[in-house]
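Numbers restart at 1 for each chain; the letters A, B, ... are given by sequence-line order, proteins then strands.
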Amino acid sequence: MRQRVAVIDFETTGITPGPDCRATEIGVAMVENGRVVDRFQSLMNAGVRVPPMIEALTGISNAMLRAAPPAHAVMRDAAAFVGSAPLAAHNASFDRKFWDYELAQLGLARGQDFACTLLLSRRLLPQAPNHKLGTLTRWASLPDTGRAHRALADAEMAANLLCHLEDTLRGQFRLGDVNHGMLCKLQKVAAAKIRPYLDELQAAQRV
DNA sequence: TGCCAGGCCCTCTTTAGGGCCTT
């Protein structure tokens with residue numbers, strides 16, 4: 001895609017955002033022309049405790065968060081970094097909840113749609129053993145981006161996967177122009193109907 | 001007191017149930 005897309009990933013203290021469940025780290029990988037061209041990453045201190053299970057998963061400790069900048073400052077910087085670029089994430093329904101919640105703490109609201117590399121992978125890469133981010137990265141021989149379950153490494157993994165999905169649409173499905181709006185529509189098409197939908201898109205691009 | 005996400009997708013489905021995926 002020639003347009004810039006901001007691929008984001010949050011580490012958090014749990015599954016559902018709220019007063020006791022907040023983001024602890026954000027990573028953003030800015031994709032343009034099929035590669036990562038810019039990066040943003042920061043731990044963020046929202047004043048909540050990290051449960052032991054989450055610390056074991058992410059390696060992010062309470063001591064690390066005590067030394068981290070406040071969440072509102074980090075989110076203000078992250079929102080400025082993203083600007084008006086369309087968004088993407090792996091299992092975007094998760095990151096979208098936290099993006100919206102953390103922005104709402106600043107009185108801000110999201111203006112862009114999210115593309116979801118999980119939904120797109122289920123449709124375009126059904127032969128993969130499963131659709132976890134790490135599995136897809138290894139299965140598609142995408143670059144090792146660092147420690148899994150840290151925000152920027154995961155954001156870059158999802159960014160590389162987004163580029164791989166775009167390559168799949170261009171190569172296997174012979175689509176010329178791929179853009180974020182097309183991906184957002186594609187991820188809503190029922191998996192069983194994806195092939196005829198792509199055939200229609202291909203035919204329309206030929207006209 | 002006891003519970004604790006939710007949207008997507010498949011199938012032994014649609015008057016439902018269970019696995020996947022994210023932390």
Smallest heavy-atom separation, A:Ala155 atom then A:Val7 atom, equals O-CG1, 3.5 Å
For A:Tyr197, does its backbone N or O pair with a side-chain atom of A:Gln202 as donor and acceptor, under 3.5 Å?
-> no
Which sits closer to the 5' end of DNA chain B, A:Ser93 or A:Thr13, going by the nucleotide each is nearest to?
-> A:Ser93
Taking A:Thr135 for its side chain and A:His131 for its backbone only, find out whether a donor-acceptor pair lies under 3.5 Å.
-> no
For DNA chain B, whose closest nucleotide is more 5', that of A:Thr24 or that of A:Ala192?
-> A:Ala192
Separation of the P atoms in B:dT15 and B:dC20, to the nearest angstrom = 26 Å
Check ion pair A:Glu102-A:Arg22 (N to O, under 4.0 angstrom) | yes
Those residues at least two apart in sequence (or on a different chain) that pass ring-ring contact (aromatic ring centres under 6.0 Å, His included) with A:Phe81 are A:Phe40
In terms of heavy-atom contacts, does CZ of A:Arg35 have more than 12 from other residues, nucleotides or ligands at under 6.0 Å?
-> no
How are the rings of A:Phe98 and A:Phe10 set relative to one another: parallel (under 30°), tilted (30 to 60°) or perpendicular (over 60°)?
-> tilted
Donor-acceptor contact present, side-chain A:Thr12 to main-chain A:Gly14, <3.5 Å = yes
Take atom P in B:dG7 and the same atom in B:dC3, then report the distance between them in whole Å.
-> 23 Å
Please determine if A:Arg150 and A:Glu11 form a salt bridge, counting it only when a charged side-chain N lies under 4.0 Å from a carboxylate O.
-> no
Residue pairs fulfilling side-chain hydrogen bond (donor to acceptor under 3.5 Å, both in side chains) with at least one residue in residues 60-86 of chain A, sequence neighbours excluded | none
For A:Phe98, answer base if it contacts any base atom (sugar-phosphate contacts may also be present), sugar-phosphate if it contacts only those atoms, and nothing otherwise; contact means non-hydrogen atoms under 4.0 Å.
-> nothing
Give the C-alpha distance, both sets of side-chain angles, the deciding distance and a yes or no for salt bridge (Lys or Arg N to Asp or Glu O under 4.0 Å) between A:Asp199 and A:Arg195.
-> CA-CA 6 Å; A:Asp199 288 344; A:Arg195 192 66 206 229; 3.8 Å; yes
Give a yes-or-no answer on whether the side chains of A:Glu32 and A:Gln3 include a donor-acceptor pair shorter than 3.5 Å.
-> no
Which is true for A:Asp95 with a 4.0 Å heavy-atom rule: it touches a base, it touches only sugar-phosphate, or it touches nothing?
-> nothing
DNA chain B-proximal residues of residues 124-142 of chain A, any heavy atom under 4.0 Å = A:Asn130, A:His131, A:Lys132, A:Leu133
DNA chain B-proximal residues of residues 50-61 of chain A, any heavy atom under 4.0 Å | A:Ile54, A:Leu57, A:Thr58
Contacted region of DNA chain B by chain A, from 5' end to 3' end of the hits, cut-off under 4.0 Å to heavy atoms, spans B:dA5 to B:dT23
Spacing of the C1' atoms in B:dC8 and B:dT13 (rounded, Å) | 15 Å
Here the gap from A:Leu198 atom CG to A:Met182 atom CE, rounded to the nearest 0.5 Å, amounts to 9.0 Å
Sub-3.5 Å donor-acceptor pair from the side chain of A:Arg123 to the main-chain atoms of A:Leu119, do we have one?
-> yes
Given the P atoms of B:dC4 and B:dG18, what is the spacing between them in whole Å?
-> 14 Å
Heavy atom of residues 148-169 of chain A under 4.0 Å from DNA chain B: which residues?
-> A:His149, A:Asp154
Rounded to whole angstrom, note down the C1' distance from B:dT23 over to B:dG6.
-> 14 Å
Quantified in whole Å, what is the C1' atom distance between nucleotide B:dC12 and nucleotide B:dG17?
-> 10 Å
